[in-house]
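Below is one structure, written out as structure tokens; the observations come after it.
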Amino acid sequence: IPHAVSEANMKRSLATIFLFGLLALAASQMVACTPTPTAHANEQPVIAGATLIITDAPPVPSCANPTPDMAPTCDEAARRILASTVRVEFHGPAGGIGHGTIVGGRYLITHNHYPVTAAALNNGGEGVVTAVSILKASGGIILLKAPLSYFKVVREEPEMLLLDFQAYSGVGFFDSLGVPSIEWSDGTTLLPMPGNEVAQVNWDGSTARVDWVRVTTVHLDSGAATIELDSFVEQGASGGGVFYNGVHIANNWTRQTDRLESGESVRQYSLAALNPANVLAMTGQ
């Protein structure tokens with residue numbers, strides 16, 4: 001009886017070895033027939049259960065990465081923005097430089113951290129600023145070292161000034177010179193959310209341009225409501241407009257660099273101050 005049991009066990013063992021051999025052969029053939037995965041520059045790891053899978057995630061078509069049929073529309077939007085974009089230069093002991101946007105035929109929206117206060121500008125410069133120059137985005141001259149009497153500060157908000165260059169014979173100053181205005185938010189305009197693309201005015205030190213960038217965060221918990229953008233604008237771009245669907249919603253405020261305690265830079269971005277009316281729209285007031 002013990003001998004019979006031993007033979008039975010041996011037969012079962014041989015059968016098991018044979019079965020595993022067939023499975024191993026089948027598996028090796030499946031692996032041999034599977035094409036080698038190709039690496040892509042835009043691959044992103046996706047975790048499915050406990051398995052790490054590499055998937056191809058091409059860039060989403062946008063004005064920053066336009067398809068051929070989108071490019072003309074994006075170019076035209078940038079052209080309209082730049083046509084209404086100006087560079088502002090205050091001359092004098094406390095002079096400064098920035099950018100702005102023309103609205104309403106006579107008004108200029110810009111930032112309010114020039115080295116001179118709004119009150120001083122409305123009071124003839126008080127000896128710290130003596131003149132103002134307004135230049136086109138391309139550098140062409142609109143005003144060159146003109147007296148401060150050419151405008152008044154009619155609105156001062158956190159991180160924004162609204163300058164009124166007045167009307168003459170019922171025609172706005174900029175309209176009279178053929179400098180076009182652009183639409184700006186009146187509080188009912190749909191605002192961007194994180195992930196949305198906006199147009200941001202930047203420059204290279206002499207000429208302004210439009211950069212298409214993404215909103216990363218919206219901040220409403222400070223004196224000046226801002227949007228955070230995945231861009232790092234050049235110094236001197238402050239006051240330049242930020243546009244959503246072609247509408248001016250904010251102006252460049254500052255750029256930031258996040259660093260570790262070691263001093264290593266880990267992230268760079270810029271902040272733009274939302275028009276005050278946009279704050280009311282966002283908070284439902």
What's the shortest heavy-atom distance between Trp203 and Ile97, and which atoms? CH2-CD1, 3.9 Å
Ignoring hydrogens and geometry, is there a side-chain-to-backbone donor-acceptor pair from Ser270 to Val233 under 3.5 Å? no
Donor-acceptor side-chain pairing of Thr73 and Asp75 below 3.5 angstrom: no
Distance from Thr254 atom OG1 to Tyr269 atom OH, nearest 0.5 Å? 9.0 Å
Taking only residues two or more places apart in sequence or in another chain, which ones pass side-chain hydrogen bond (donor to acceptor under 3.5 Å, both in side chains) with Thr216? Glu228
Gap separating the NE2 atom of His248 from the CZ atom of Phe243, nearest 0.5 angstrom: 5.0 Å
Contact check, side chains of Val129 and Leu148, non-hydrogen atoms, under 4.5 Å: yes
Do the side chain of Asn112 and the main chain of Glu159 share a donor and acceptor less than 3.5 angstrom apart? yes
Of all heavy-atom pairs linking Ser181 and Gly104, the shortest is OG-N, 3.4 Å
Under 4.5 Å between side-chain heavy atoms, hopping through other hydrophobics if needed: is there a path connecting Leu163 to Ile182? no
Among the clusters formed by ILVMFWY side chains lying less than 4.5 Å apart, do Val116 and Val153 turn up in the same one? yes
So, does Thr110 use its side chain to make a donor-acceptor pair with the main chain of His99 at under 3.5 Å? yes
Identify whether Phe174 and Val103 are in the same connected component of the hydrophobic contact network (ILVMFWY, side-chain heavy atoms under 4.5 Å). no
For Ser62 and Glu197, the nearest pair of non-hydrogen atoms, with its separation, is OG-OE2, 3.0 Å
Roughly how far, to the nearest 0.5 Å, is the NE2 atom of His219 from the OG1 atom of Thr226? 5.0 Å
Just by distance, do the side chain of Asp204 and the backbone of Thr207 share a donor-acceptor pair under 3.5 Å? yes
Pairwise side-chain contact, Thr217 with Val215, heavy-atom cut-off 4.5 Å (strictly under): no
Pair Glu156-Thr117, side-chain hydrogen bond (donor to acceptor under 3.5 Å, both in side chains): steps then yes or no: CA-CA 10 Å; Glu156 181 181 17; Thr117 65; over 6 Å; no
Side-chain touch Val242/Ile227, heavy atoms, less than 4.5 angstrom: yes
Which residue in the set His91, Arg87, Glu89 passes side-chain hydrogen bond (donor to acceptor under 3.5 Å, both in side chains) when paired with Ser133? His91
Does the separation of the ring centres of Phe165 and Tyr150 fall below 6.0 angstrom? no
Does Val213 share a hydrophobic cluster with Leu274, counting links as ILVMFWY side-chain heavy atoms below 4.5 Å and allowing steps through other members? yes
In this structure, CE of Met70 is separated from CG of Asn65 (nearest 0.5 Å) by 8.0 Å
With side chain to side chain contact (heavy atoms under 4.5 Å, CB included) as the criterion, how do Thr101 and Leu108 come out once you've worked through the C-alpha distance, each side chain's angles and the decisive distance to 0.1 Å? CA-CA 5 Å; Thr101 306; Leu108 190 159; over 6 Å; no
Where is the tightest heavy-atom contact between Ala199 and Val210, given as atom of each residue plus distance? CB-CG1, 3.8 Å
Relative to each other, are the rings of Phe151 and Phe90 parallel, tilted or perpendicular (30° and 60° limits)? tilted
Output yes when a side-chain donor or acceptor of Asn202 lies under 3.5 Å from a complementary backbone atom of Glu234, and no otherwise. yes
Please report the interatomic distance CG(Leu229) to CG(Leu271), rounded to the nearest 0.5 Å. 7.5 Å
Examine distances only and state if a side-chain atom of Asn122 and a backbone atom of Ala119 form a donor-acceptor pair shorter than 3.5 Å. no
Asn252 side chain to Ala237 main-chain N or O, any donor-acceptor pair under 3.5 Å? yes
Cluster link Ile142 to Leu82, ILVMFWY, side chain under 4.5 Å: no
In Å and rounded to the nearest 0.5 Å, what is the NE2 to CG distance from His111 to Leu161? 8.0 Å
What are the two closest heavy atoms between Pro68 and Pro72, and how far apart are they? O-CD, 3.4 Å
Please report the C-alpha distance between Asp175 and Leu177 in whole Å, then the side-chain angles of each, then the deciding distance to 0.1 Å, and finally whether the side chain to side chain contact (heavy atoms under 4.5 Å, CB included) criterion is met. CA-CA 5 Å; Asp175 276 347; Leu177 297 178; over 6 Å; no
If I compare all heavy atoms of Cys63 with all of Trp212, which pair ends up nearest, and what's the gap? CB-CD2, 3.3 Å
Indicate yes or no: at least one non-hydrogen side-chain atom of Asn196 is less than 4.5 angstrom from one of Tyr244. yes
Among Lys152, Arg155, Arg106, which residue meets the side-chain hydrogen bond (donor to acceptor under 3.5 Å, both in side chains) test with Asp164? Arg106
Has the side chain of Ser84 got a donor or acceptor atom that lies under 3.5 Å from a matching backbone atom of Ile81? no
Without swapping roles, check the side chain of Asn275 against the backbone of Trp184 for a donor-acceptor pair under 3.5 Å. no
